[in-house]
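Report on the following structure.
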Amino acid sequence: MLCLNKNPIDCFFPVYKEMVSSFHAGGNDIGMNSRSSLHVLEGTERLIKEELVRCIWFGQHLKRACLCTDNGSRLEILSPGWWNSEGGPDFKHAEFLLEGKGLVKGDIEVHVFSSDWIRHQHHKQSTYDTVCLHVALWNDNHGAYMKNHRGQTIPQLTLSKYLDAELDELVELIDVESYLKGKKVNPGYCQTEMENQKVNDQWIGRFLDYAGDERILQKAKRYERWLEKGTFEQVLYEAVMESLGYKNNKEPFFTLASRLPLEDIRYVIPEDASAQKKKKNMQSLLLGMAGLLPQQRNKKPTDDKETANYINDIEHAWNEIQKKINRDPLTKNDWSYAGIRPANFPERRIAAIANILSECSSLSIFRYLLSVLEKVENYQEERKIIKRLVEDIQSIFLGISDSYWSYHYTWYGKKLAKPVKLLGKERASNIFINVIIPILLIYARKHSNTKIEKVLHLTYRNYTPLPDTSVTKFMGNRIFGQPNVSKKIINSVRRQQGLYQIFKDFCENDNMSCNKCALYLSMVKD
DNA sequence: CGGTCAAATATCTTTCGGCC
DNA sequence: GGCCGAAAGATATTTGACCG
């Protein structure tokens, strides 16, 4: 078993990454795929899984206007087809227009590498004769097409040339969790090996700790790229906004934040206005730019005076503000309401961020964070540091109250008997872990401030786990089998985040990568 | 048009831990 | 060891979009 005792424990240290690369150095990997996705990495350091490529294809995250097959024919996708959960091609009943052929209907097979077509033996299987387009993320054999079992030519599309965002951004945006639903979880090699070797709780805990640190480091890396184009406060604002999109609205929230940078907001909303006026203007600015005001949608009459007054106020303010902004607002179609509980509709979250911004001096959440850090650094007791840091930072999210939105879920929605928070504890925790810690970590390192890093790490490793998700449940089953064992060991967000990291790196393909998993290999190593 | 579903907060219950 | 307050855990409640 790999010794994990010698590494530093009070800061974010890339122990996990070193372990992973030690197992995969040299390229002589074991397993069925002679060349795994580990070795060809363009534009991302993550391991790209076929499931992700399927999601890219199904979600059509492509520059659709200029698609060409690998032999140069113009291609227009009418329908990406429907998921096929049984054997055979990945998507059924797709439709597209192909130059020289016209309308084509048929099935689609998706791979990470174009050469996977032959490696998976599809050119010898008649079940793949219905495939009319082969879609690969990367074209590694530089061919222009594939052949099926009857020798017919299948046109091929290479996605990497047409992605509508950086690959690592897509990795963040695409929900790879949903496919886990309903599948039964098989124990991993890790679980079997743990029983064989009687791996103790401390060892596995430590491993998860380091994996959890790696997750923060990777998030930090992502934000570091954003920082090339913006200031800390702008990046923090964008990241918080993205986080407010929960799962389905990350994209429009992020777009809103980049179309409406803090600088522009400051230009439109004077610092010296009264608190109330600032709040109202901020709401109308953000909601207006989001395209979510009632006037921008279907206007319904109401006999509720309070609602009518509020809407009137906000829309009036927007009509004035709109003149000073020369960028187009988003529209209702940019937002997704599917599968979102009314309490978390985008309108409410936008109202929330508007209230937060208008209450921060100079609209800077970042500056507020720094002031909290400064205060906390001087405390002696560790417990007190942890408590105050979390409480003070989260108070700006939890403490929001709004005369309208605290009592309503929607425009014209019925008035709630009791006020409901615009952002709750869970969201605040999420923002704290996924956004604030990574960004402050970058800041600490840029300023060589190890004290801040230590405070962040201290808080991180003492923070209780967030509620379970499909991924944490899956991983709990996969590694520990019994939920009570899992619960005992996963006693911090740090370890919980470690589960996500290992999942992303190794388990996403179900059983495929168990033999390459760093957790398993660390156990069997002598 | 009505059943189903989505996920957060509010509230109630149990456990934990510190302290005398 | 027992008491009290705090934290953690479990359960109930909530509205409106979507799909057939």
Report task. Just say parallel, tilted or perpendicular for the rings of Tyr16(A) and Phe207(A), cut-offs at 30° and 60°. Result -> perpendicular

Rounded to whole Å, the OH-P distance (Tyr407(A) to dA10(B)) equals 12 Å

Asp328(A) backbone acceptor or donor facing Arg259(A) side chain under 3.5 Å: yes

### Message
Students often mix this up, so state it plainly: with edges at 30° and 60°, are the rings of His457(A) and Tyr460(A) parallel, tilted or perpendicular?
### Response
perpendicular

Heavy atoms of Ile393(A) and Tyr368(A) approach each other most closely as CA-CE2, 4.4 Å

Check whether any side-chain N or O of Lys421(A) sits under 4.0 Å from OP1 or OP2 of dA10(B), and answer yes or no.
yes

field: Main-chain N/O of Ile400(A) paired to Asn355(A) side chain as donor or acceptor, under 3.5 Å
entry: no

In whole angstroms, the gap separating C1' of dA6(B) from CZ of Arg427(A) amounts to 14 Å

Separation of dA7(B) atom C1' from Asn344(A) atom CG, nearest Å, is 6 Å

Residues pairing under salt bridge (charged side-chain N to carboxylate O under 4.0 Å, His left out) where one sits in residues 348-361 of chain A, two or more places apart or in two chains, turn out to be none

Every protein N/O within reach of nucleotides 12-16 of chain B N/O, cut-off under 3.5 Å:
none

If the plane angle is over 60° it's perpendicular, under 30° parallel, otherwise tilted; pick one for Tyr443(A) and Phe232(A).
perpendicular

List the steps and the verdict of side chain to side chain donor-acceptor pair (under 3.5 Å) for Gln283(A) and Asp402(A). CA-CA 11 Å; Gln283(A) 287 187 1; Asp402(A) 186 272; 2.6 Å; yes

Trp411(A) atom CH2 is separated from dA17(C) atom P, nearest whole Å, by 14 Å

Separation of dT14(C) atom P from His408(A) atom NE2, nearest Å, is 16 Å

Here the distance between atom C1' of dA6(B) and atom CZ of Arg348(A), to the nearest Å, is 15 Å

message: Is there a side-chain contact between Ile479(A) and Met194(A) in this structure, where contact means two heavy atoms from C-beta onward sitting under 4.5 Å apart?
response: yes

The nucleotide from dA17(C), dA8(B), dT15(C) with an atom nearest the side chain of Phe345(A) is dA17(C)

In 5'-to-3' order, the base (B), backbone-only (S) or no-contact (-) status of each nucleotide in nucleotides 7-13 of chain C, using a 4.0 angstrom heavy-atom cut-off, is SS-S---

Exercise. Scan Leu398(A) against the nucleic acid and name what it touches under 4.0 Å (heavy atoms): base, sugar-phosphate only, or nothing.
Key: nothing

Rounded to whole Å, the CZ-P distance (Arg349(A) to dA8(B)) equals 8 Å

Taken to the nearest whole Å, CH2/Trp335(A) to P/dC18(C) is 15 Å

